[in-house]
Amino acid sequence: MRRLLAAVLAVFSLSAVLSPAVHAATTAAVFPSEIIGENFPDPDVFEQNGTWYAYATNGSRGTLPVATAPSANGPWTVRGDAMPGGPSSAWAQPGRTWAPDVYPNADGTYTLTYTAWHKASGRQCIGVATATNPLGPFQPVGTAPLICPLDLGGAIDANTFVANDGTRYLVWKNDGNAISQPSTLWLTRTANNGQTLVGGNTAMLTSSGVIEAPDLVQRGSQYVLFFSGGGYNDCNYLTSYATSTSLSGPWTTAYRPLMTTATFDSHVCGPGGADVVGGKVFVHGWVNGGRHLYVADIGYANDYPVVRGSRVRYEAERGTLNHCVVRSNAAGASDGKVVAYIDYADSWVENTVFAPVAGGYTLHVGYANGSASTASHGLVVNGNNAGSVSYPVTGWDNWQQSSVSVTLNAGWNTIRLTKGTLYTEVDYLEVQ
């Protein structure tokens, strides 16, 4: 009878894909914290001797705005301009000094790699400066840019990466967008505290759209290349990533972006320019015509990144099932499959989910309820009874969400949905 009803109601499913939640519990999700409430775009952050330092693209605070804090979550204080003399007068002009990268060297000095406005061409190119104090003043090095492929549109967004074996590199972008050509993220080995290049350039990822702001992290089994996409000046900006077991590639781009306005439920508009420092990720978000600085917890599920507060989807049918079945060709469902017939006393579906840190999260269950009234499933988290999930009537193949608060351990957790009242099919679980 349920399948007959499903067939009758399937004609209504086309407009029901991933509808907003119709039942929302008090949320336990922890979204990124706004830590600098003014324009502070393209952040670069590091910690040294108990002090955190952050640098940003030029603005009202000067060529190289710098801020400090006693912890990643603040309180942060903007200290002023760490490069008051501006970019190199030999090849650059003030006005477009972007995307700084500051790296503390073993000899006690600091290397700044920055993007600046190339006088001769009007393009953007990458230069180097040094200082003996993280607050500056940084002094430009040399009379020419470090990286300036004018035939490729110039170069922007340099980021220092030091591999586990101590080899130092820059990850950067040729600015193909400036000349209506594809852009590529490149890897180039450096020496002399990042002041000189060694060898050639290795292409990592290429896109005909916007791909920028690379940040490279080495994990136990692979490398993770974070990058931004979309337009930085609205809520379409986002952060995604690609992975590879080798720096020479090939690189596999994530199936879904890591952070978007939607995955944060609009708590951050256009999360981009990501800089990962240990268990923290720093991003800027669009606020009233500027880009404010945010921080969130980040962890790695089998060396794939997970950010607290950003929705991560787990397909229910890929979990462990007991006395229920996978229904394929489910109209409008995520990945086209759902778990059905969770109808018996011993029926359950269990998924393993990941939490970057211990604490409160929101569990969103994608479902369809064709019963006559509100249905439910029992909720078991890590083997402990955690209440239930209620599902208002939607009709079969009309996929919506119901949300409840859960408490998770750091790392892997199990979430089991058991037989409750009436009948509901489960499409996916999202943890936020």
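Because the structure is predicted, anything quoted here is derived from the model rather than measured. Basis for what follows: all heavy atoms, side chains included, without hydrogens, waters or symmetry-related copies.
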Practice prompt. Could you give me the CA-CA distance, side-chain angles and deciding distance for Trp399 and Asp397, then say whether side chain to side chain contact (heavy atoms under 4.5 Å, CB included) is met?
Written response: CA-CA 6 Å; Trp399 306 103; Asp397 284 339; 3.3 Å; yes
Fill in: Gap separating the CG atom of Leu417 from the CD atom of Glu350, nearest 0.5 angstrom
9.5 Å
Fill in: Ser402 (side chain) donor-acceptor with Val389 (main chain) under 3.5 angstrom
no
Worksheet item: What class does the angle between the rings of Phe226 and Tyr241 fall in, given that below 30° is parallel, 30 to 60° is tilted and above 60° is perpendicular?
Response: tilted
Discussion item. Can you confirm if the NZ or CZ of Arg291 lies within 45° of the ring axis of Phe40 and under 6.0 Å from the centre of its six-membered ring?
Written reply: no
Discussion item. For a quick test of reading the model, state the closest non-hydrogen atom pair linking Thr261 to Cys235 and the distance between them.
Written reply: OG1-O, 2.6 Å
Worksheet item: What is the distance from atom CZ of Phe282 to atom CG of Leu293, rounded to the nearest 0.5 Å?
Response: 7.0 Å
Discussion item. Looking at every heavy atom in both Thr57 and Ala99, which two are closest together, and how far apart are they?
Written reply: OG1-N, 2.9 Å
Worksheet item: Looking only at atom types and distance, does a side-chain atom of Asn413 sit under 3.5 Å from a main-chain N or O of Gly411, one as donor and one as acceptor?
Response: yes
Item to complete: Could you check if a side-chain atom of Pro271 sits within less than 4.5 angstrom of a side-chain atom of Tyr237, using non-hydrogen atoms only?
Response: no
Discussion item. I need the Trp172 CH2 to Ile156 CD1 distance, nearest 0.5 Å.
Written reply: 10.5 Å
Response to the item:
Nearest heavy-atom contact between Thr115 and Ala155 is CG2-O, 3.8 Å
Discussion item. Rounded at 0.5 Å granularity, tell me how far OG1 in Thr418 sits from CG in Asn385.
Written reply: 8.0 Å
Worksheet item: So do Leu187 and Leu216 actually touch side chain to side chain, heavy atoms under 4.5 Å?
Response: yes
Discussion item. Pairing donors with acceptors under 3.5 angstrom, does anything connect the side chains of Ser390 and Thr374?
Written reply: no
Discussion item. Could you walk me through whether Asn201 and Thr188 satisfy the side chain to side chain donor-acceptor pair (under 3.5 Å) test, starting with their C-alpha distance in whole Å, then the side-chain angles of each, then the deciding distance to 0.1 Å, before giving a yes or no?
Written reply: CA-CA 5 Å; Asn201 305 313; Thr188 305; 2.6 Å; yes
Discussion item. If the threshold is 4.0 Å, N to carboxylate O, is there a salt bridge linking Asp175 and Arg123?
Written reply: no
Worksheet item: Can Asp275 and Lys280 be said to form a salt bridge (Lys or Arg N to Asp or Glu O under 4.0 Å), step by step?
Response: CA-CA 8 Å; Asp275 190 38; Lys280 299 290 185 179; over 6 Å; no
Worksheet item: Where is the tightest heavy-atom contact between Leu64 and Pro100, given as atom of each residue plus distance?
Response: CD1-CB, 3.4 Å
Worksheet item: In chain order, what residues pass the salt bridge (charged side-chain N to carboxylate O under 4.0 Å, His left out) check against Glu34, with sequence neighbours excluded?
Response: none
Item to complete: For the pair Tyr55 and Phe138, name the ring-plane relationship: parallel under 30°, tilted 30 to 60°, perpendicular over 60°.
Response: perpendicular
Worksheet item: Can any side-chain N or O of Thr362 pair as donor or acceptor with the backbone N or O of Ala28 at less than 3.5 Å?
Response: yes
Discussion item. Whether Asp335 and Arg318 form a salt bridge (side-chain N of Lys/Arg under 4.0 Å from carboxylate O of Asp/Glu) is what I want to check.
Written reply: yes
Practice prompt. Answer with yes or no whether the side chains of Ser244 and Ser246 bring together a donor and an acceptor at under 3.5 Å.
Written response: no
Worksheet, complete the sentence: Between Leu408 and Val381 the two heavy atoms that sit nearest each other are CD2-CG1, 3.9 Å
Worksheet item: Between Lys419 and Asp346, does at least one N-O distance fall below 4.0 Å, as a salt bridge requires?
Response: no
Worksheet item: Is Arg416 close enough and on-axis enough to Trp348, meaning under 6.0 Å and within 45°, for cation-pi?
Response: yes
Discussion item. I'd like to know if the side chain of Asp44 and the backbone of Asp101 have a donor-acceptor N/O pair within less than 3.5 Å.
Written reply: no
Worksheet item: Which class fits the ring pair Phe46 and Tyr110: parallel under 30°, tilted 30 to 60°, perpendicular over 60°?
Response: parallel
Worksheet item: Asp427 side chain to Ser334 main-chain N or O, any donor-acceptor pair under 3.5 Å?
Response: yes
Practice prompt. For Glu317, enumerate each residue passing the salt bridge (charged side-chain N to carboxylate O under 4.0 Å, His left out) test, keeping only those at least two apart in sequence or located in another chain.
Written response: none
Worksheet entry | Ionic contact status for Arg327 with Glu425, cut-off 4.0 Å | yes
